[in-house]
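Here the structure comes first, spelled out in structure tokens, and everything after it is commentary.
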Amino acid sequence: MTRRFACIAGMGSALGSKVVSNEELARDLDTSDEWIRSRTGIVARRFAAPEETASSLAADAGSRALDAAGIDPGVIDMTVVATVSGDQPLPSTASFVQERLGMQGWAFDLGAACAGFVYGLEVASAHIAAGSAENVLVVGTEVLSRFLDFTDRSTCVLFGDGAGAAVVVAGQEPGVIGSALETDGRLAELLQIPAGGSRAPASEDTVRRSEHFIKMADGSEVFRRAVEAMAGTASSLLEKSGMTPDDVSLLVPHQANARIIRSVAQRLSFPEERVFVDLAYVGNNSAASVPAAMDRAWRAGRLQPGDLVLTVAFGAGMAWGANLIRWTAPEVAS
Ligand code: UT7
């Protein structure tokens, strides 16, 4: 039997429609544009408008990815939606996305926070290789603005809303060359939304204690672990694949913090011009961060057919991972 490989045929992205600048947040919060810019690289972020949800942003990104790939939604037989801010606890956000786009087959959500898309791409790749899927839509989508405590300056300035999607199809040459994925559940309490699940169902008390919002126990510890984990996992994936940073055309890291990205790139000895950083006007979009950045890089002409692309992400769980990809989507018409 001929081997089958997962190949990216097209990408798309979408952002929440409301632009929120650092100055706007600083109006009601003890922070400043200078502090946020210098510590994170973020100047503004996009929040979803009231009618926008994780599934509507995912469908917008998915529809752009399908158009770019020239693929009819009806041939998609598997939909993976990576999110931690889905429309509802039940059913999956993937069900809504499947219905919105008129796709078929099976659809499910995947929860790996900021590493969600990187995990999702590996899941799609494994199913394509096994012959249990043919055409997969992998989406990362988040509306984390609905889970932010706007009195907590250490978290609410970091995140934004958006979605990024990849159409992944079966091909004869790799595509997705390999992935490295890791989780350390001992670190789960570093970054969490404590209530709203079966451990602490929604109640007047959980609402009064603001437990439905994102809590980050120790920002600088998350920072330190992010750098260590992303550099480590990217480096071991390259080694396992017999490649070095010199072989990689573009590193597309999780767009959480420009200082984290700089430290990861330095540890991996990646020159600045081969690292994609464009978080200034989007903020940290969690699971949407990597695919939306890939889409923007592609549409900006930074990814050409044949290029070797390295993604790397880190987030709550703590969960992290990397994908090594031979770029197979065609050049985009400008
Ligand atoms: O996808 C993973 C999600 N999480 C992340 O990406 C977060 C990773 N961590 C970070 O990006 C950084 O740790 C932060 C941007 C959150 C903070 O930067 P830092 O250089 O690590 O600052 P710090 O945690 O050492 O905090 C320094 C000070 C503290 O004040 P005190 O205790 O020294 O008086 C904070 O209260 O900065 C204060 N601070 C702020 N000040 C103004 C925290 N947030 C703000 C703020 N404005 N928004």
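Ligands are counted one by one from 1 in listed order, and the atoms in each one are counted from 1 as well. If you're wondering where the values come from, they're calculated on a predicted model, not measured in any experiment.
- Salt-bridge annotation for Arg208 and Asp205: present, with a side-chain N of the basic residue lying under 4.0 Å from a carboxylate O of the acidic one.
- Heavy-atom distances between Leu191 and ligand 1 reach below 4.0 Å in at least one pair.
- Of the protein's heavy atoms, Ala256 CB, 3.6 Å lies nearest to atom 6 (O) of ligand 1.
- Contact atoms of ligand 1 toward Arg259: 18 (O), 20 (O) (distance under 4.0 Å to a heavy atom of the residue).
- With distances taken over non-hydrogen atoms, the option nearest atom 9 (N) of ligand 1 out of Ala287, Ala26, Gly219, Ala113 is Gly219.
- Contact annotation for atom 3 (C) of ligand 1: protein present (non-hydrogen atoms, distance under 4.0 Å).
- Two different hydrophobic clusters hold Leu251 and Leu181 under the rule that ILVMFWY side chains link at heavy-atom gaps under 4.5 Å.
- Put simply, atom 19 (P) of ligand 1 has protein non-hydrogen atoms near it, under 4.0 Å away.
- Nearest protein heavy-atom contact of atom 11 (O) of ligand 1 is Asn257 ND2, 2.8 Å.
- Nearest to atom 12 (C) of ligand 1 among the protein's heavy atoms is Phe223 CD1, 3.9 Å.
- Remark: atom 31 (P) of ligand 1 lies closer than 4.0 Å to no protein heavy atom.
- For atom 37 (O) of ligand 1, the closest non-hydrogen atom on the protein side is Trp35 CZ2, 3.3 Å.
- When hydrogens are left out, the protein atom nearest atom 47 (N) of ligand 1 is Thr31 OG1, 2.6 Å; that is the closest non-hydrogen contact.
- The residue Leu29 has no part lying near ligand 1, judged by heavy-atom distances below 4.0 Å.
- The protein heavy atom nearest to atom 5 (C) of ligand 1 is Val222 CG1, 4.1 Å.
- Of the possible polar contacts, one joining the Asn257 side chain to the Arg259 backbone as a donor-acceptor pair under 3.5 Å is found.
- Of the protein's non-hydrogen atoms, the one nearest atom 15 (C) of ligand 1 is Thr40 CG2, 3.7 Å.
- When atom types are taken as modelled, the side chain of Asp161 and the backbone of Ala48 share a donor-acceptor pair closer than 3.5 angstrom.
- Atom 48 (N) of ligand 1 has its nearest heavy-atom neighbour, among Arg39, Arg153, Met216, in Arg153.
- A donor atom on one side chain and an acceptor atom on the other are not found under 3.5 Å apart for Gln98 and Thr79.
- Heavy atoms from other residues, nucleotides or ligands lying under 6.0 Å from CD of Glu23 number more than 12.
- A salt bridge links Arg4 with Glu134: the distance from a Lys NZ or Arg NE/NH1/NH2 to an Asp or Glu carboxylate oxygen falls below 4.0 Å.
- The CG atom of Leu148 sits 5.5 Å away from the CZ atom of Phe47 when rounded to the nearest 0.5 Å.
- Residues Glu228 and Arg225 are not paired through a salt bridge, judged by the lack of any N-O separation under 4.0 Å between the basic side chain and the carboxylate.
- Interface of His254 with ligand 1, defined as ligand atoms under 4.0 Å from a residue heavy atom, comprises 1 (O).
- Protein heavy atom nearest atom 21 (O) of ligand 1, with residue, atom name and distance: Ser220 CB, 3.7 Å.
- No more than 12 heavy atoms of other residues, nucleotides or ligands shown are found within 6.0 angstrom of CD on Glu204.
- For the pair Val290 and Pro253, the tightest heavy-atom approach, listed with the atom from each and the gap, is CG2-C, 4.2 Å.
- Under 4.0 angstrom from ligand 1, the non-hydrogen atoms of Cys114 all belong to its side chain.
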